[in-house]
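Before any comments, here is the structure.
Quantities reported herein were computed from a predicted structural model and do not represent experimental measurements. Position 1 is the first residue of the sequence; numbering continues from there.
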Amino acid sequence: QVQLVESGGGSVLAGGSLRLSCVISGYTLSSPCMGWFRQVPGKEREGVALIYTDNGRRFYADSVKGRFTISQENTKNTMYLEMNNVKPEDTAMYYCAAESETSPTGSWHGCGVGYWGQGTQVTVSS
């Protein structure tokens, strides 16, 4: 059974930094794409950052380019989102997601994600 568990969310002042982590277990694809998404109440979920683990390609939402960095450790079972110079508009529930070949529920930059974590709340105050 595939499980994704996020951690690292919390409250931070504008201009500060946070690092989110996502530990993935039970995954069978050898080189998946995976990423971070976020959602605020009343709005649609949006892609934040994505990485293709086979070639290292990365994609970012325009709103976070230059401030957020997605990465993974070499064993490919942990993914990170380094968030710098955060802004109040970054406040959201953040979810990590991984590719599903059989049952994708969302797609962003060609990555069909189907496995989701439970989310971690990030709150940025001014």
Side-chain angles (χ1 to χ4, degrees):
Q1 183 179 355
V2 178
Q3 285 190 319
L4 288 78
V5 180
E6 303 99 333
S7 62
S11 297
V12 61
L13 292 176
S17 298
L18 278 176
R19 189 175 81 158
L20 306 184
S21 300
C22 175
V23 178
I24 305 170
S25 60
Y27 202 70
T28 58
L29 282 180
S30 60
S31 297
C33 51
M34 56 183 74
W36 292 92
F37 296 74
R38 67 186 181 187
Q39 189 170 24
V40 298
K43 292 190 176 182
E44 290 189 359
R45 185 173 54 203
E46 63 173 355
V48 176
L50 187 79
I51 184 169
Y52 279 84
T53 61
D54 57 350
N55 58 22
R57 284 182 301 159
R58 293 168 170 82
F59 298 92
Y60 296 95
D62 288 342
S63 59
V64 307
K65 281 180 182 176
R67 300 188 298 120
F68 291 10
T69 302
I70 187 171
S71 63
Q72 57 164 116
E73 67 173 40
N74 290 336
T75 59
K76 298 182 181 179
N77 69 340
T78 303
M79 178 174 61
Y80 304 99
L81 184 68
E82 189 76 34
M83 306 167 64
N84 295 316
N85 189 25
V86 295
K87 302 176 180 180
E89 51 264 43
D90 294 322
T91 295
M93 184 72 79
Y94 283 73
Y95 300 89
C96 65
E99 180 181 4
S100 172
E101 291 185 315
T102 57
S103 303
T105 57
S107 180
W108 194 53
H109 286 288
C111 180
V113 295
Y115 300 106
W116 297 86
Q118 82 288 351
T120 186
Q121 178 68 37
V122 172
T123 302
V124 182
S125 56
S126 57

message = If you compare all heavy atoms of Gly114 against all heavy atoms of Ser100, which two are closest, and at what distance to 0.1 Å?
response = CA-CB, 3.6 Å
key: Criterion side-chain contact (heavy atoms from CB on, under 4.5 Å) on Tyr94 and Gln121, from CA distance to verdict   = CA-CA 6 Å; Tyr94 283 73; Gln121 178 68 37; over 6 Å; no
query = Shared ILVMFWY cluster between Val40 and Val12, side chains joined below 4.5 angstrom?
reply = no
key: Between OH on residue Tyr80 and SG on residue Cys96, distance to nearest 0.5 Å   = 12.0 Å
message = Distance check, rounded to the nearest 0.5 Å: Met34 atom CE versus Met79 atom CE?
response = 6.0 Å
query = Should Leu81 and Phe68 be marked as a side-chain contact (heavy atoms from CB on, under 4.5 Å) after you check the CA-CA gap, both sets of side-chain angles, and the distance that decides it?
reply = CA-CA 7 Å; Leu81 184 68; Phe68 291 10; 4.2 Å; yes
Ser25 OG to Gln3 CD distance, which is reported to the nearest 0.5 Å = 4.5 Å
request  = Could you state whether Ile70 and Tyr27 fall into the same hydrophobic cluster, counting links through intermediate Ile, Leu, Val, Met, Phe, Trp or Tyr residues with side-chain heavy atoms under 4.5 angstrom apart?
outcome  = yes
query = Who pairs with Gln118 by side-chain hydrogen bond (donor to acceptor under 3.5 Å, both in side chains), at least two apart in sequence or on another chain?
reply = Glu6
query = Do side-chain atoms of Thr91 reach the backbone of Val124 as a donor and acceptor pair under 3.5 angstrom?
reply = yes
ask   = CD/Gln39 to CD/Glu46 distance, rounded to the nearest 0.5 angstrom?
value = 9.5 Å
ask   = Can the positive tip of Arg45 be found less than 6.0 Å from the middle of the six-membered ring of Trp108, inside 45° of the ring normal?
value = no
query = Is there a path from Met93 to Trp116 through hydrophobic residues (I, L, V, M, F, W, Y) whose side chains come within less than 4.5 Å of each other?
reply = yes
key: Asp90 side, atom CG; Arg38 side, atom CZ - distance, nearest 0.5 Å   = 5.0 Å
ask   = Does Lys65 pair with Asp62 as a salt bridge, N-O distance under 4.0 Å?
value = yes
request  = Using atom types as modelled and distance alone, determine if a side-chain donor or acceptor of Thr53 lies under 3.5 Å from a backbone N or O of Pro32.
outcome  = yes
request  = Could you tell me the separation between the CG atom of Leu4 and the OG1 atom of Thr78, rounded to the nearest 0.5 Å?
outcome  = 10.5 Å
task = Keeping the roles fixed (side chain from Glu99, backbone from Cys33), state whether a donor-acceptor pair exists under 3.5 Å.
result = yes
Thr69 vs Tyr60, side-chain contact (heavy atoms from CB on, under 4.5 Å): CA-CA, chis, key distance, verdict = CA-CA 8 Å; Thr69 302; Tyr60 296 95; 3.8 Å; yes
Please set out all donor-acceptor pairs under 3.5 angstrom arising from side-chain atoms of residues 14-24, sequence neighbours excluded.
| from | atom 1 | to | atom 2 | distance (Å) |
| --- | --- | --- | --- | --- |
| Ser17 | OG | Asn84 | OD1 | 2.9 |

inquiry  = Would the distance check show the side chain of Thr120 and the main-chain N or O of Gly9 forming a donor-acceptor pair, the cut-off being under 3.5 Å?
reply    = yes
ask   = When Ile51 is tested against each of Arg58, Arg57, His109 for side chain to side chain contact (heavy atoms under 4.5 Å, CB included), which residue passes?
value = Arg58
task = Report yes or no: do Val113 and Tyr95 belong to one cluster of Ile/Leu/Val/Met/Phe/Trp/Tyr joined by side chain heavy-atom distances under 4.5 Å?
result = yes
